[in-house]
Amino acid sequence: MSGPMLELDGVTKHYTTRRGVVRAVESVSLAVQPRSTMALVGESGCGKTTLARMILQLERPTAGAIRFEGQDVAAMRGAALQAYRREVMAVFQDPYSSLNPRLRVGTIIAEPVLAHERPSRAELDKRVAEVLDVVGLPATAARLYPHEFSGGQRQRIAIARALALRPRLMVLDEPVSALDVSIRAQILNLLADIQAEYGLTYLIIAHDLALVEHFSSDVAVIYLGCVAETGPTEQVFAQPRHPYTQALLAAVPLPDPDHVLSEAAALGEIASALDPPAGCRFHPRCPHAMDICRTTRPLAAGSPHITACHLPRTSLP
Amino acid sequence: MLLSVRNLQTHLHLRRGLLRAVDGVSLEVAEGETLGLVGESGSGKTMTGLSLLRLLPKGSGRIAGGSIQLDGQELTTLSEAQLARDIRGRRIAMIMQDPMTSLNPVFSIGDQVGSPLRNHDIARGTALRGAVVDVLRRVRLPSPGERLGDYPHQFSGGQRQRIVAAMAIGCTPRLLVADEPTTALDVTIQVQIINLLRTIQDDTGAGIILITHDLGVAASLCRRIAVMYAGQIVETGPVRAIYRSPSHPYTQALLAAIPRLGAKRGRLTAIAGQPPSLIDPPTGCRFAARCPSRMAKCAEAPPVVDLGDGHSASCWKLAS
Amino acid sequence: MRAEMFRGVPWLALLVLAAVGICAAGGEALLPFEPGELDLGAAFKPPAWISGDWASPLGADNLGRDILSRIMAGSRVSVIVAFYAILFSGGIGAVAGMVAGYFGGWVDTVLMRLIEIQQSVPAIALALILAAALEPGLPTVVLVIVLTYWAWYARIIRGEIMALKGRDYIAFARVAGVGTARIFLRHLLPNIFNTLVVLATLQVGQVILFEASLSFLGLGIQQPDISWGLMLADARQYITNAWWAITMPGIAIMLTCLASNIFGDWLRDRLDPHLRQL
Amino acid sequence: MLRLFGRRLLQGLFSIIGASIIIFVISRLSGDPIVMMLPNDAPLSAIEEMRRTLGLDRPLWAQYLIFIQHALVGDFGNSYRWKMPALQLIMDRLPATIELAVCGLLFSVAVAVPVGVMSAVNRGGWVDRVGRVFAMLGQAMPAFWVGLLLILLFAIQLNWLPAFGYGSASQFVLPAISLGWYPVAAQTRIVRSAMLDVLDSDHIRLSRALGTPERLIVWKYALRNAAIPLLTMLGVYFAAMLGGAFVVETIFAWPGVGRTVVEAVFARDFPVVQAGVMFTSILFVASNLLVDLSYGLVDPRIRDAR
Amino acid sequence: MAQSLQRIAAAAVFSLPFLAHAQAPKPATGSLAVAFGAEATVLDPTHSSAGVDQYFFGQMFEQLVRTGPDLKRLNWLAETWSVQDAGGKPVIDIHLRKGVKFHNGDPLTSEDFEYAFKRQSDKKISIWTHLQAAVERFEIVDPLHFRLHFKEGDGSYVASDLTLWAMPKRYMEKVGDEAFERAPVGTGPWKFVSRSVKEEIRFEAFDDYWNAEQRPHVKNLTIKVIPEDLTRVAAFKTGAVDWIDAVPPAMTEEFKKLPGVVTASYVAPNNMYITMDSVTPESKFYDVRVRQALAHAINVDAIIKGVLFGQGQRYVEVGIGELGYDPDLKPYPYDPKKARELLKAAGYPNGFDTPCYNLTTPREPYQKEVGEAYFAYASAVGIRCKVVGMEYGTWISFGRRERQGYVDGLYSNMWGHGLPGDPGTPWAGHLHSYVPGKGWGATSTYSDPEMDALVEDLKREMDIPKREALIKKIARIKHERVAGGLTTYRPLVTFAWRDKVTFKPWPMAFWRSMQEIGLKQ
C-alpha cells in the first residue's frame, strides 16, 4: 500500500486583523488515505473550514506543509498547480451561493472541464449529460438556470460540477447542513454511491456527529484550531479518549425519549481564537483539567487512534 | 386546557399566489406541558407559532380561519392593541431561533430585558432594575447586576439566548413559544439551553411549544409531539409513541432518514422527491406523492385516525 | 414570466425618457426652428397658452429664439454629456472597483486612497479649476464629471466584488483552476452588470444637475452649444420679464431627472434590491 | 480606539496632501494670474518682474514644495487680489460656510428622517409615495434654480423671508432649503431602507412578540438602528453641502468660502483657491473623523471593536 | 436725471467751485443701507488692481482733481493747478486747498502727496508704477504747494485726474500697511467703520469734511454686497436696502413704473468693440472693405434696443462727454446690402466662414447675448460665424499679443475710456501696433505707421485743447479704416432708490460715489 493521498504536517494559519492575530489553525497534522473518507468535526469557529480552504489552495498556510501524494501544495505553481486543481474538487455548504445565478447549469458543469481541456461542443454536452445522469438529474437540466431548482437539486448540480473532471479528492464542506432532513439522506446516499463507483477520496467537514459517524471512515475532532483526537471513526466514537470528544458525544440529543443529556461534560463556552487559552486549549472547559493543562500543550500520541491530552491514557474513562 | 387551537388557517398573499402556510392545524397545550412541533422547513411550523401571536408578515399574512383559545379566551378576534397589551409578552411570550440577531445591538441588555416589564406595568422606576436583575438571575446569567449596561455583542451566543429567555419570562407568561431555540448553537451550548428551558418550565409551570426540525432536541425536551408536513399536522401523540411506534408513513420515513449516533453504519432510507408547493397543494394526502405505501384512496383527504392514548395520525393506511 | 418582468414599470417616466431620447436622436430634423436663430422682434414672446402663438408653443427667449427648439436641441447635449460621462466614469470605476475588490492588497489600498483624495476635494471646486485650466465646453464637462464620479462607481463595485468574492462559486472556480480572466468575465462582470445599469440610470439625473451647476458658474457647456443648464443660467437675468424662459428648461431638467430617478428606482427594485440605500 | 483614530488621522492627512497636489497642479495649468492683475498696457518687463516676485517662474514642483513648506506653518501666501493673507481671508469666511452647510444638513436630516421612517412604516401607502416624490424633487432641480424660485416666491411675492444676508435665523431659511433639499432623496432612501431592514429584523420581531407598543418600536428601538447608516454617510453629505455652497452662496449673497473661491478661480488668485480648497478638504476629513468617533455613541459594537 | 447725460457736450475742463467755508455744517443723522452688485477687494487705492476697488475706496479717498456730476472737471483737493514748461520738460504745479483734514484729524499737506507718489511708484506695493513712469521728480515747495517734474509729456496723467490719492503719511507710517487696510483713513466724505468681506462695508459721515456743500446728509451708510441680480432686486423690493446699484437691464422698465422709486441711468466707463486681425495679410479682415462690410452688417441700435433693453449708448470711437467727442462723426449705417457689396468687392461674393469668439462671463450685462447678436448679424451678410464661447480667464489673455499672437476671426472686446473719458490709454493699447516689451499695442490687431505716430503724439500731449484736436483727428482716421476694432456701444448702468432718499450721482466709482446722498427731512 502506498502512502496517504493527502498529508497535513504542522499546518498553521494565523490571520492578522485589526483586533489582533487570529490563531485559526494551530499545528494540525493529519493523513488522509486514498479512497477513505476523512471527517473534520468540531463546533463553529474551530478552524475546520480554514483547513479545507488551505487544502483547496484558496489560502496559504502560515506554517507547515500540505502534501498531495508527496508534493507540497503550497509550493505548486503553473502546470503543477493546474494539475493539482484537476485532481481536487469541492462541494460547498450553501447550494444557493455555490452556483452562479447568471449561468446555465450546463455552463456551470462544463466550467472545470473547460479550464483544463478543449473538448468539442458535442463531447462537452455528452460529458455534462453523463454527470447529470450520475447525480440523478435529466440531461435537459443543462439548459436551465440554478434558480429553477430546489436546494437538494442544486446540491446535486454542485456535485455534478465537482465530478465532471473525475477528480481523485473531493472536499465536502458541510454538504448537507443547509438541506432538510428528508433531502439530506438523498444527498448522503448519492455521495456514498459516487465514492464507491469512482473510487474517490473524501474530506468532509461537518458538525453533526451522527452524520460523521455514519459517513466517514476516519475522523479528526478539532477544537479551537487544534486536533484534539483523530483516528478511525469507529474507534473514536466507540472509545472517545479526549474529554472534548466525550463532551461532544454526550451533548448530542438523540431521537430517543429515554436518552438523558448530561450538561456537565463541557463547562462554559468556547474561547476566542483571537486570544486562545494557553496550554491545552480545552482546559478552561475540561472537567479533568490539571495544572499541566494550563501551561503545556499536550502532544499527540497513539496510532492509529491519536489523542492530544495530558491525562494518562490508562486513567481515561 | 391552556391553549387550544382549532382548524387554524393561515394564508400568505404572495405575488406568486395564495400560499396556505397553515392549513387546518389543531393542537392543544396543557399547563406545564411541552409540545414539540416538528417538521421540515416550509412545513408551516413557524407560521403556526407566529399565528398564535398574530405576528404574520405585514401586508401579506392573514389568519383566514379557525380559532385560537388561551385559557378559553378567543385570540383571533382581539384587536391589535389588545393583543399587544394583554397577550404578547404578557401571557404568550416567544423565543426566537438566532440569539445573535434577536437582541437589538444598540440597546443595553438592561433596557431590553426591562422593556417588557415596563410595557406591561410589571415593574417601573426604581423597582425595574431589581426586577431585571432578578429575571436575569433566573436564566442563570452570571453576575447580572454588573452587566445591565452591557450590550448584546459583549455576550456569547449561549448567554444571549439566556437573555432572550429572560425577556420572554419576565412577565411570567402562561405559554412560551420557542422557535428553534437551539438550532443556531453548538451542541455543547445547545445542552445548556435545553436544560434552561426545562428549568424555566419547572419554575413557572408555563406551557411550552417547542418548534424544531431536530428530532433529537424534540425528544429530549417534549412530552408530546406534533409532526407537521406541508402545512398540516400529520401525526400527533406522546413522545414515546411517536418515536417508538410512528404510525404515519412520513414520520416513519423521517425517523429512518436521520443517521443516529451509535447506530450501525449503513445506507440511510431517503425519502424520494420533495415536499409539495403550498400555493397550489395537491388534493388529498399531501405526502402521497412521496409515500412508499401510497394507495388510490390517497387522492382524497385522509381522516384523522385515533390510535389511543392521545396518539393520532392522518392516513388512509391506518383507517383501513 | 414576461408579465412579471414588466410589472410596475413606471410608464410615465419611461415616456419622458423616450421623449428626451427621441429629441436627442432626431437632431435638427425635428426642430421647429433653428435653435440658434435670432429674431429680436420676437423677444420674450410668451407661451402659446398665454398670448403667444403655436409656432413657438413654449414662447421665446430674450433674443427671440424658440424655447421649444432650444430645449429639444439642449436634450442632445444633455444626452451626449450623460452618455459619455456615464460610459467613462462607469467604465473606469467598474474596472478599478473590480480589480481592487478582487485582488485586494496594495492595489486596493492605492485605490481606496485615491477615492479618499477624490472625495476630499469638493467636486464643484475641482470642476471649477479644471474647467478653468482646460477650455470650458462639452469635453471638459464630461471629463470633470468622470473625475468626480468614477470613485462613486469604484467604491460600490468594489464592495459588490468583495461580497461576490466570498461566494462559493468563485471559490469553486478557483479550486477548479478556472483562469482569472474567465472568472472576471463569466462570474464577476455578469453579476455586477445589474448594479452598473442601476448606477448608470441613477447617474443621469446627477449628470444633468452637475452640468447645470457648472453652466450656472459659467464653466459648463459653452455656446453655441445649447444645454438646459446653460439656458437656465442665461435666462435667470430675465426671471421677472419672462418666467417661461427660466421655467421651461427648468421643467425639462426636473422631468428628466425625476423620470430617470424613478426609472432607476424601479430598476433597482427589480434588479438589485440590496442597493436600496444608494 | 486611539490607535484607530490615529490611523484615520494619518489617512486624512494623506488625502489632504493628495488633494493639495491635485489642486496645485491643475490650478497652475489654468492660466496666468499676472495678466489679470496688471493693467492692459503694462510693459512686458513689468509682467516678468511680477512673475518673479510671485515665484511663478520656478518649476512646478519647486513651487509646490515652497507652497507646502509655507502651508505647514499656516502661510498660504497673500491673495493676489485682496493683498491680504489667503488663510485669513478663508478663515474669516469659513464660519459662515460651515454654518450654512450645517443648516443645510440639518434641514435635509430633519426632512429625511421623518419621511424615511413614515415611508418605511407605511410602505407602499400614499405617505410613502408622496414622501418619496417630495424627496426626489430636490434631486431633480438645480440648487440655484430652487434658490431663485424661493427668492421669487418667499422674498419678492410674499415678503416672508429675507432674500439675502447672514446673521439672523430667518436669513438661514432659504439658503438652507436650497442647499439641503438635494440630499434629502438619498437620505430618505437610506433611512427608509434601513428602517425596512430593521423592522424586518429578528429583534424587532421579538420586541413586537413581547408586546412593545408600535410607537416605541418605530421611534425608539428601530430608529436608533436605522440611524447608523445615515450617520455613516453624514461626512459625505457634509462634503456635498460644502460643495453645494459654491453655488448657493452666490445666489444668497452669503459671505462664505464658496463664493470667495469661485471668484478666486475666475481671477486665478491661486493662494485663495489653494487655501480655500485645502480647508474644505480639511473640513471634509475632520467631519469624517467626527462621524467615525460619533458612531460609538450610537453603535456600541463599534465602540468596543476599536 | 438720466436725461442730463444726453445734454452733456464736449467737456469744458476747468471750473473752480466757490465753496463757502463760512458756517460749519450741521451734523448728519439717520442711517441708510444700499446694495452694490460687486465688491471691492482692497481699501487702499495704491493696492487696487481693478476698477471695482473704487466702489469702496472712492468713498473715503480723494484726488487732486475730480469730475463732477455734469462731467466737468473740478479742482478738488488741488485749489489750483497748471501745466508749465521748464526747459522743454513739462511740470505740473499744484496748490493744495487749505483746511482739508484726514478722518483722524491730521491736516493734508504736500508730504502726504509725496508719500502717495512714492508708494505708487514702488513696484512692491503698486501695479500702477507705469502711470508714474514719466514723472522724474516730486518737489515740495511748501506744505500746500508742490510740483511734479516730468521727463517727457504724459497726456494720460492729466486725463486720469492727476492719478494721485491723498494718503495720510503720518498715520500710515505709524500703523503700517496691514493695519491701514483694516482701518483706512482718507479725506473723503465717508469715514470707515467696519467691513465684512463678501457681506458689507459700513461708513459714517465725516463731520469735519472740508466740502460743506457737496456732502452726505445721512450719518450711517451700509453698503451691502449682493452680486446675484434677483437677490439684489429682492433686497430692494423687500425694503432691506433703499438704494441699489445695477438694476438688471431687463427690469429697468418695471422699476421706472414702481411708485415711490426713482431710477437713473448713467453711462458706464466701458467701451465695447469688435476686434479682428487687420495685420496678417492672410486674415480675411486685412482688407478694409471687409471691415467696413462688418460695420455695415451689424445693427447696433437694434441690439441696444432689443438685447440691452435700451441700456446702452452707441458711440463712434469717442463717446459723448469724452475729450475729443465729435458729434459729426456718424456710425456706419446698418445696411446689409452695402455690406454684401463690399464683401463682393473684396473678393467674397459668397461670403466666408470665420471663427467668432464670444465672452461668456458677463463682465457687462448681457454681454454674451450681445455677442451672439453681433455674430448673427455678421452671418446674415455672409461673414458666417462659427461661434466659440470664451470664459473670462481665457478671454483676459486672449487678445494679448505677447501670449496669443494674432487671432483669426472676430471677437468681442472692451476697453474702458474712463469717465468722463479719454481714449489715449486704450488707443495706445489696441490701436498702436504691437511693440514687444514697450507696452505699445498690448492687444492691438492693427499696424499703421501713420497711426502709430499720431497715437504716440497723443500719449505725450498734456495740453487739453491740443489733445482734443488730436483725438478728433485720430478718431476720423480710425473710423474710416475701421482700425483697432469696430466700436459699438457703452453700457448704461441703472440705479434705483426710494424717493425718501436724495441722491446725486458723481462719476467716481462709476457713478456709485455716495458724495451726495441723504434722507429727505
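In the text below, chain A, chain B and the rest are named by the order of the sequence lines, each starting its count at 1.
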For the pair B/Asp186 (side chain) and A/Ser44 (backbone), establish whether a donor and an acceptor sit closer than 3.5 Å, ignoring hydrogens and angles. yes
Within residues 218-229 of chain B, the residues sitting under 4.5 Å from chain A by heavy atom, in sequence order, are B/Ala219, B/Ser220
Report the residue from A/Gln153, A/Glu148, A/Arg154 that forms a side-chain hydrogen bond (donor to acceptor under 3.5 Å, both in side chains) with A/Ser150. A/Gln153
Any side-chain donor-acceptor pair under 3.5 Å between A/Arg35 and A/Ser217? no
Without hydrogens or angle criteria, can the side chains of B/Glu180 and B/Thr183 be said to hold a donor-acceptor pair below 3.5 Å? yes
Under 4.5 Å from a heavy atom of chain B, the part of A/Leu249 involved: both
Looking just at side-chain N and O atoms, do A/Tyr223 and A/Glu229 make a donor-acceptor pair shorter than 3.5 Å? no
By a 4.5 Å heavy-atom criterion (distance strictly below it), what part of B/Thr182 contacts chain A: side chain, backbone, both, or neither? neither
So for A/Leu188, is it side chain, backbone, both, or neither that comes closer than 4.5 Å to the heavy atoms of chain B? side chain
Per the side-chain contact (heavy atoms from CB on, under 4.5 Å) rule, which among B/Ile193, B/Val38, B/Ile194 passes with B/Val217? B/Ile194
Considering only heavy atoms, which portion of B/Gln190 lies under 4.5 Å from any heavy atom of chain A: side chain, backbone, both, or neither? side chain
Can you name the side chain to side chain contact (heavy atoms under 4.5 Å, CB included) partners of A/Asn189, sequence neighbours left out? B/Arg267, B/Leu268, B/Ala270
Going by atom types alone, do B/Ser314 and B/Gln232 pair a side-chain donor with an acceptor below 3.5 Å? no
